[in-house]
Structure formats: C-alpha cells, structure tokens
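Beneath this line is the structure, given in structure tokens, with notes to follow.
Letters A, B, ... are given to chains in the order of the sequence lines, protein chains preceding strands, and every chain is numbered from 1. Just so you know, these numbers come straight off a predicted model, no measurement behind them.
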Amino acid sequence: MTGTTHTTGPRTLYDKIFDAHVVERQPDGTCLLYIDRHLVHEVTSPQAFEGLRMAGRKVHSPERTIAVPDHNVPTTPDRVNGIENPEGRLQVAELDKNARDFGVNYYPMNDIRQGIVHIVGPEQGWTLPGMTVVCGDSHTATHGAFGALAHGIGTSEVEHVLATQTLIQKKSRNMKVEITGKLRPGVTAKDITLSIIGHTGTAGGTGYVIEYCGEAIRDLSMEGRMTVCNMAIEGGARAGLIAPDDTTFTYVKGRPHAPKGAAWEAAVAWWRTLKSDDDARWDKVVTIRAEDIAPVVTWGTSPEDVLPITAAVPAPEDFTGGKVGAARRSLDYMGLTPGTPLSDIAIDAVFIGSCTNGRIEDLRAAAEILRGRHLAAGVRGMVVPGSGLVRLQAEEEGLDKIFTDAGFEWRLAGCSMCLGMNPDQLAPGERCAATSNRNFEGRMGRGGRTHLMSPIMAAAAGVAGHLVDVREMMAQPV
Amino acid sequence: MMEKFTTLTGIAAPMPLVNIDTDMIIPKQFLKTIHRSGLGKNLFDEMRYNPDGSENPDFVLNKPAYRDAQIIVAGDNFGCGSSREHAPWALKDFGIRAVISTSFADIFYNNCFQNGILPVALPQDAVDALMRDAENGANARLTIDLENQVVIGADGTEYPFQIDPHRRHNLLNGLDDIGLTLEKAASISSYEQQAAQSRPWV
C-alpha cells in the first residue's frame with residue numbers, strides 16, 4: 001500500500017488507514033496525511049476561500065472537494081425564492097461563488113441532491129471505505145461508518161486542505177468499543193451511541209480514535225452505523241470507525257461516485273483487508289452488553305447526561321467534582337427537579353432530522369410509531385429529511401402522509417433545528433424531544449431545552465405529550 | 001502570518017465550569033459572518049449578556065477585575081462540541097491568548113494553535129491552584145512561558161506543561177502551516193502518483 005512508513009506489528013483498522021495516507025513522517029511523529037475527500041459547507045468555509053484568494057492559491061484537488069449548503073438554509077418550501085435572512089443569504093451566495101470560482105463539486109440549495117453534508121457524501125458515493133474524509137464540521141465522524149477515517153477540522157485546516165490536499169496530523173490512540181450480543185426491541189443505534197457517551201463521558205474519547213465492533217454493531221444497517229459514528233465526537237474522540245463488510249459494500253455499490261466494473265472489484269478486494277488484526281493492541285477498551293441498553297434520553301445540557309427512560313432526574317449530589325456544579329446549572333437551565341420520573345417530563349416540540357437521524361431508515365422507524373396516531377394537543381412537530389433524495393424516497397413510500405396526518409410539518413432538507421442557525425428554532429423555555437446530537441444550552445435557540453433520543457422515542461414523546469418509553473406504545477395496538 | 005506566542009503575563013479569569021462548549025463560547029447566531037474578526041464582543045454571548053442585551057454583572061468577564069483578562073482558567077474538557085474556529089477567533093478578538101484546563105476537546109485544541117492561542121493542559125491540582133490565583137484577579141497575574149514550557153503562579157510556583165514540539169515551534173515563531181506544507185509539493189505529488197496506482201478508484 002502507499003505510505004512511506006507505517007506501524008510495525010499487528011495493526012488496528014485506524015493504523016492501516018492512517019498508514020496508507022502518510023505523505024511524510026517527521027521524526028517526532030508529526031505526519032503529513034493525504035486527504036481523499038474534502039466536504040465543505042457554507043458556515044466554516046468562507047474565511048478559508050478568502051485566505052486562498054488573498055494568497056493567490058488554487059484548490060489543489062477540486063475533484064476531491066464537495067460543497068453543499070446545509071446549516072443556514074431554510075427548510076420551508078418558499079426557499080426556492082431565496083433566503084430571507086441577509087447574513088445567511090450572503091454565506092450561501094459566497095459558497096455558490098466559491099464553488100464556481102474554484103471549480104469544486106457542488107450541490108446548490110435547490111438541487112434535489114442537496115442536503116446535510118454528512119448525508120449527501122455517503123448518498124452520492126463520495127464516501128468510500130479506507131478513505132480519509134474531512135470537513136469543517138465536527139459531525140464528519142459520521143463517515144467512519146464506512147471504515148473511512150473521518151473527522152472535523154477548523155477553518156484554518158479547511159484552508160490547508162483546500163491548498164494542499166493534506167493535513168498535519170499526529171496519530172491518535174486506539175480505543176475499542178465493543179457492543180456484544182443483540183439489541184432488545186425498541187432499542188436503536190441512537191440508544192447505543194448515547195449509552196456509550198453516558199458510560200465514557202464527553203471527554204472519555206479525547207485523544208482516541210474509536211473502533212466500534214461486536215455483534216450489535218455488525219447487525220446494524222449503514223444508517224444505524226452512521227448514527228453511532230456521528231456521535232463519536234460527542235464522546236470526545238477524533239473519529240469513530242466501523243470495519244467495512246458486505247453491509248457496507250451493498251450500500252455503496254451503484255452510487256453515483258462509487259467505483260464501477262473492474263475498479264469496483266479491485267476496491268472491494270482492498271476494502272476486505274480493512275479490519276483490525278486479531279492481536280492488535282488497544283490503548284483503551286470498553287465493552288457493553290447490547291442487552292443492557294435501554295431506550296435512553298438526555299436530561300441535562302451535555303450529551304453525557306444520559307439515562308434510561310425508566311429512570312428519574314438525578315440530583316447534583318449524585319455526581320462528584322466539577323460535575324456537581326455543572327449538573328446544578330443544567331437542571332436549572334432545563335427547568336427540572338431531581339427525583340422527577342423522566343417519563344413525566346412534558347414536551348412542547350418534536351424534531352426529527354439532523355445528520356444523526358435524518359436518513360430514510362430513521363424516517364421509516366418514526367413513521368411506524370406515528371401511523372394512525374397524532375401529536376398530543378399543544379405539541380408541534382417537524383420532520384426534516386437529511387437530503388432532497390431522502391425526502392423524495394420518503395414521499396414515494398408515503399411516509400410524508402403519515403407525518404402530516406400525525407400533525408407534523410414536512411420540511412425540505414437541511415440542518416434545521418439541530419443548531420438553529422436558520423429560522424427553525426426553539427423559543428426560550430420551550431422543551432423539545434430531538435433526534436439530533438447536542439443538548440447544549442442555547443443550541444436549538446436561546447433558552448430552548450433539548451432532550452436527545454432516538455427517532456422512535458421522539459415520535460412516541462410527540463404522541464404522548466411527554467417523554468415516554470416507546471416500548472409501551474409499541475405494545476399497544478393503534 | 002500568525003501572531004507569535006512567547007511569554008505572556010496577564011490577568012486570568014476563573015471559569016470553573018466543566019464542559020464549556022463552543023456553543024457557549026460563541027453561539028451559532030454569530031457564525032453567519034464571512035470574516036474572522038469582530039467576534040470578541042459576542043464571546044460567551046448568552047452568559048455575558050441578558051436577553052435585553054444589557055451586561056450580566058455576575059459574569060466573570062464583565063467584572064471590572066477581569067475585563068482585561070488575557071488568560072482563562074477553566075474546568076475540564078474546555079471547547080467541546082462543534083468544530084467552529086469562530087470560538088478561538090472570538091477568544092482572540094476579546095484578547096484571550098491562553099486557556100488553562102485539565103483537558104481540551106480535540107478540534108478546539110487544534111484550532112487554538114492556528115490562531116496564536118496557547119491551550120495549556122495541567123494536572124487537576126495545578127489547575128486548582130491556578131484557579132485560586134485567578135480568583136484574585138489583577139492581584140495575581142499568571143505568567144505562561146512557552147519557551148520553557150512552564151506556567152508561573154502568583155506565588156512563583158512553577159507548573160511545567162507538555163506540548164507537541166511542532167506546535168511549540170510554530171507558535172514561538174508565528175509560522176503558518178500552509179506555507180510550510182506547500183514546500184512539500186514534490187512529496188505530495190509523489191504520493192498522488194503512488195495512490196493513483198494502488199487505489200485508482202479514489
């Protein structure tokens with residue numbers, strides 16, 4: 001394989017992908033790493049393109065660069081007429097211009113293939129096993145589901161990759177997270193990934209690249225694997241990885257930018273070697289039994305504030321160290337009283353979407369709960385497909401009808417409420433059951449309160465009007 | 001050219017909260033800019049200002065003693081969350097040149113070095129001692145000496161810290177990575193030729 005030097009002895013999947021992309025290695029271990037795919041969106045790229053212009057530099061590999069606006073775009077049908085917010089409009093216009101001037105691959109706002117960058121990349125076959133993938137967005141970890149080394153970078157690094165197609169990197173340590181056995185009914189990929197963060201904490205993965213493995217991971221679809229890897233960053237890890245297998249190859253085959261013919265055969269032959277050696281050395285290992293994972297929700301303002309839906313709101317005294325003060329602040333922000341059963345927490349809104357859970361399988365699962373049911377009185381709901389093609393597919397399957405019959409708004413693709421950089425936001429004090437990835441203070445709108453959960457848990461909460469154990473609803477006929 | 005960082009002596013603001021995330025450092029409504037500058041006034045916006053736009057007098061950077069702070073001493077896992085480089089841009093624009101904590105989130109940590117900000121990771125007991133110094137405001141200035149890799153507390157106690165030699169070199173000399181990497185164009189091109197053979201589908 002390419003790469004001038006590599007790790008000796010048994011290697012992890014991460015070691016193998018890293019080694020295959022080393023352009024140069026310094027004696028102190030600092031490496032120049034080649035980047036196969038660079039995804040770009042409107043919020044973290046304008047300053048990088050401006051930097052190139054000021055220095056008179058070109059984009060090194062426009063053919064490896066893929067741009068799509070997602071963070072700022074409104075998700076209402078009137079967006080075909082343009083973006084009302086002048087700053088958002090300017091950022092998207094800048095991306096239009098930069099994509100054109102520098103000749104990179106581009107899916108403009110009103111292209112049917114537009115969507116959240118981390119959904120568009122895999123959907124179009126840009127993301128392939130064994131690649132290095134970066135984007136000026138922390139949820140780039142999503143692409144690790146394909147056995148690609150994928151992580152978020154800042155804008156200065158975006159400029160570095162645009163100019164050189166490389167990144168200066170030091171090797172992270174290897175962490176294995178194994179989920180043994182089989183998930184119970186009502187438990188999903190989202191519950192796996194939230195439970196891991198609940199277990200390790202938001203800094204538990206700092207300095208590591210995580211490889212997720214075990215029977216419960218192997219059993220997941222690609223959509224589920226993307227949900228798991230998407231939140232690797234919430235656990236502090238540089239990246240999350242899942243070794244590619246037939247599930248991966250089946251998903252990738254035939255996508256617009258996937259290899260074809262003889263190239264496909266050669267690619268699969270290499271991809272099959274992309275797994276950790278049996279005797280690879282791990283710096284940290286976490287093992288969780290799938291049977292022990294319940295449907296979970298977050299109660300606080302950090303993704304590590306995870307509890308099974310059957311639990312109650314904790315008290316600050318349940319924690320130690322700096323977390324005591326943080327929990328007190330979280331409970332105050334969230335307006336919660338210790339000891340309250342989580343299933344007694346009433347909600348005002350439901351958000352189904354985001355790069356964590358905006359794929360077709362997520363919409364199918366939520367629709368399955370909502371079929372023949374309706375949002376509780378006073379609860380507003382929004383379904384935001386992750387891409388125009390996910391939306392189209394859902395409409396072909398009649399899912400849009402199920403959502404609208406249940407009282408949800410059926411929106412166009414974008415990041416939407418997940419980060420509220422667009423018109424979709426919570427009002428102060430408003431409480432939302434959300435399928436997104438961050439429950440930080442103000443994330444979905446100043447003063448907004450976010451409880452993270454799976455699509456089926458969010459759908460069930462919307463019907464009940466409060467957080468609820470979806471398994472109860474699954475057991476009841478409509 | 002990046003601003004050099006050699007030795008800094010200044011006021012440190014105490015922020016003992018753990019998991020201070022990038023949404024707190026610079027909320028999303030300020031990410032709509034297409035420039036790097038001007039974000040300092042919105043640093044920690046939702047903690048710093050009341051909903052009516054007035055200053056929250058209880059927030060540390062609004063207190064007279066800390067308005068000129070150049071250092072933040074923070075709780076664990078500072079800078080977690082989004083990759084937004086607007087977070088270090090806002091810190092820098094406000095005048096913060098260094099952050100001391102037990103740990104930093106990975107992307108934020110990288111982003112600091114791109115902007116002449118030094119993140120210093122120290123053990124818990126050292127951070128606790130420096131937090132106590134920081135609580136004394138202008139009466140307890142801290143010194144961060146990057147050349148010698150040491151933080152000097154108000155009482156003269158020295159706390160050595162580790163830092164990657166490549167990053168230290170670039171920060172001390174104000175070097176920008178892109179210019180250095182472009183000098184390696186021949187290596188990059190040679191890698192690309194090899195990869196075109198071994199992974200032609202990429």
So, does B:Gln29 use its side chain to make a donor-acceptor pair with the main chain of A:Met421 at under 3.5 Å? no

What part of A:Asn85 gets within 4.5 angstrom of chain B, counting heavy atoms only: side chain, backbone, both, or neither? side chain

Measuring heavy-atom distances to chain B, does A:Ser45 have an atom under 4.5 Å in its side chain, in its backbone, in both, or in neither? neither

Contact winner vs chain A - B:Val18, B:Asn110, B:Ile178, heavy-atom pairs under 4.5 Å: B:Ile178

Let me know if A:Leu128 has heavy atoms under 4.5 Å from chain B in its side chain, its backbone, both or neither. side chain

Structural part of A:Glu304 lying under 4.5 Å from a heavy atom of chain B: side chain

Part of A:Glu94 lying under 4.5 Å from any heavy atom of chain B: side chain

Part of B:Ile107 lying under 4.5 Å from any heavy atom of chain A: side chain

What part of A:Thr155 lies closer than 4.5 angstrom to a heavy atom of chain B: side chain, backbone, both or neither? both

Is A:His60 in contact with chain B via its backbone, its side chain, both, or neither, using a 4.5 Å heavy-atom distance? side chain

Answer with side chain, backbone, both or neither: which region of B:Gln197 has an atom nearer than 4.5 Å to a non-hydrogen atom of chain A? neither

With a 4.5 angstrom heavy-atom cut-off, is it the side chain or the backbone of A:Lys170 that approaches chain B, or both, or neither? side chain

The interface call for A:Thr206 against chain B, heavy-atom contacts under 4.5 Å, is side chain

Do you know which of A:Arg238, A:Glu87, A:Met131 has the most heavy-atom pairs under 4.5 Å to chain B? A:Arg238

Specify whether A:Trp271 and B:Trp201 have parallel, tilted or perpendicular ring planes, treating 30° as the upper limit for parallel and 60° as the lower limit for perpendicular. perpendicular

Looking at every heavy atom in both B:Asp23 and A:Arg443, which two are closest together, and how far apart are they? OD1-NH1, 3.1 Å

Taking B:Asp21 first and then A:Arg438, would you say they form a salt bridge - that is, a charged N and a carboxylate O separated by under 4.0 Å? no

Whatever's closer than 4.5 Å to a heavy atom in chain B on A:Gln47 counts as both

Which bit of B:Pro51 is near chain A, if near means a heavy-atom gap under 4.5 Å: side chain, backbone, both or neither? both

Is B:Phe104 close to chain A through its backbone or its side chain, or both, or neither, when contacts mean heavy atoms under 4.5 Å? backbone

Closest approach of B:Val202 to A:Arg37 (non-hydrogen atoms, all atoms of both residues): C-NH2, 3.7 Å

Please list all pairs meeting side chain to side chain donor-acceptor pair (under 3.5 Å) that have one or both residues in residues 58-73 of chain B, counting only residues at least two apart or in different chains. B:Glu55-B:Arg67

Heavy-atom distance under 4.5 Å to chain B: side chain of A:Thr164, backbone, both or neither? both

When heavy-atom pairs shorter than 4.5 Å are enumerated against chain A, which of B:Gly81, B:Ala87, B:Pro27 gives the highest number? B:Gly81

Relative to chain B, which segment of A:Glu42 carries a heavy atom at a distance below 4.5 Å: side chain, backbone, both, or neither? neither

